[in-house]
Structure formats: structure tokens, C-alpha cells
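Structure first, commentary second.
This structure is a prediction, so every number in the text was calculated from the model and none was measured.
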Amino acid sequence: MSSSSDRPDFVPEYNKPDAPGLHMNFDNTVSLYHIVRPDDDFETAAQDVFALLKEAQAEFPDWPRVLYLDIQGHARDDERLEEDMVELQQEFLLAAMGKFFTALALPLVSVVNPDDQVNDLPDELVLQPPDAELPKETAWPKE
């Protein structure tokens, strides 16, 4: 069991909006709700979520953000999510982008960021193949 010092100071109410987009909440959080459509691939979904994140930061600078994600039509025959949609959640949203949110409610898991939300967003999202060498001139964050 975690002590109160192990938990974040702020835990948002989980109230998924009725429609995709940005929604200001009564608790001064911003809900970002995105639905990955059946014809969306990993890159499309990632760019769409990033665009929504940029929009949220522009409209509600530094407000606590909660991402709600639904995925439609990406189930395998055994009803489990396709591998690229698992990777979208685990590797992209949780591991890479999680720091830009206060909380995330994903099909695989709902989590609260144990650290302060980072509000210094990169200008653009550049996706590369997993084993590609990272370009030094566009590396982020810049030191």
C-alpha cells in the first residue's frame, strides 16, 4: 500500500467526455479525447494525439491534462488489440508521451503520472523506425 507521500498531490476525476476533442472540466483539468478509427495506422494515431496535445497546451497553457483514448476496429481474430495499437499505448503514449499528461485512460491501462506534468512540448512529432539512429540536429529536449 502506498503512503500519501507516494501519490501525486492532484488526482483528476475520470470523466470521459461524450465526444472527441478538448473539454474543460469542473476541476480545472482539460480532457483530451481521441478515437483511433479502423483505418488509422500507428503514425496517424500518434500524430493525431500529438496535435490534440499541442492544441490543449495552446488553449489551456499548463493546465493538468487527462488523455482518454478509444481504439476502434484494431482487434485480431482472438479479440486482442493489434500489435501496433499495443505499441501505441505502451511505447508511445506511456513511455514517450506520458510525461506531458497528468493522467491517461487507455484501453490497456489507466494511470496517473507520479511526476509533475511537463508543459515544454516539442514543436513537432518526428517518428522514425525503431532501430534508426536519432538525428542530433533535431534531438529534443535541447540542452
CE on M24 to CH2 on W63, rounded to 0.5 Å: 5.0 Å
Spacing of E87 atom CD and L93 atom CG [to the nearest 0.5 Å]: 11.0 Å
V30 and V66, any side-chain heavy atoms less than 4.5 Å apart: no
Test item: L106 and Y68 side chains (from C-beta on) under 4.5 Å apart, heavy atoms: no
Those residues that, when tested against D116, pass side chain to side chain contact (heavy atoms under 4.5 Å, CB included) (two or more places apart): none
Check against side chain to side chain contact (heavy atoms under 4.5 Å, CB included), L67 and Y33: CA-CA 6 Å; L67 174 66; Y33 179 29; over 6 Å; no
All pairs passing salt bridge (charged side-chain N to carboxylate O under 4.0 Å, His left out) where residues 59-73 contributes a residue, at least two apart: K16-D70
Approximate separation, where rounding is to 0.5 Å, of D27 CG and N25 CG: 5.5 Å
CG on L94 to NZ on K99, rounded to 0.5 Å: 13.5 Å
Contacts table for residues 43-56: side-chain donor-acceptor under 3.5 angstrom, sequence neighbours left out:
from	atom 1	to	atom 2	distance (Å)
T44	OG1	D41	OD1	2.7
Q47	NE2	L125	O	3.0
K54	NZ	P122	O	3.0

Test side chain to side chain contact (heavy atoms under 4.5 Å, CB included) applied to R80 - qualifying residues, sequence neighbours left out: R76, D78
Test log, rule side-chain hydrogen bond (donor to acceptor under 3.5 Å, both in side chains), inputs N113 and T102: CA-CA 5 Å; N113 185 346; T102 294; over 6 Å; no
For P107, all residues meeting side chain to side chain contact (heavy atoms under 4.5 Å, CB included), sequence neighbours excluded: L69, I71, L81, Q89
Atom pair CE (M97) and CZ (F92), whose distance is rounded to the nearest 0.5 Å: 4.5 Å
Side chain to side chain donor-acceptor pair (under 3.5 Å) against E82, all qualifying residues, sequence neighbours excluded: H74
F42 side, atom CZ; E83 side, atom CD - distance, nearest 0.5 Å: 11.5 Å
Test item: P38 and Q72 side chains (from C-beta on) under 4.5 Å apart, heavy atoms: yes
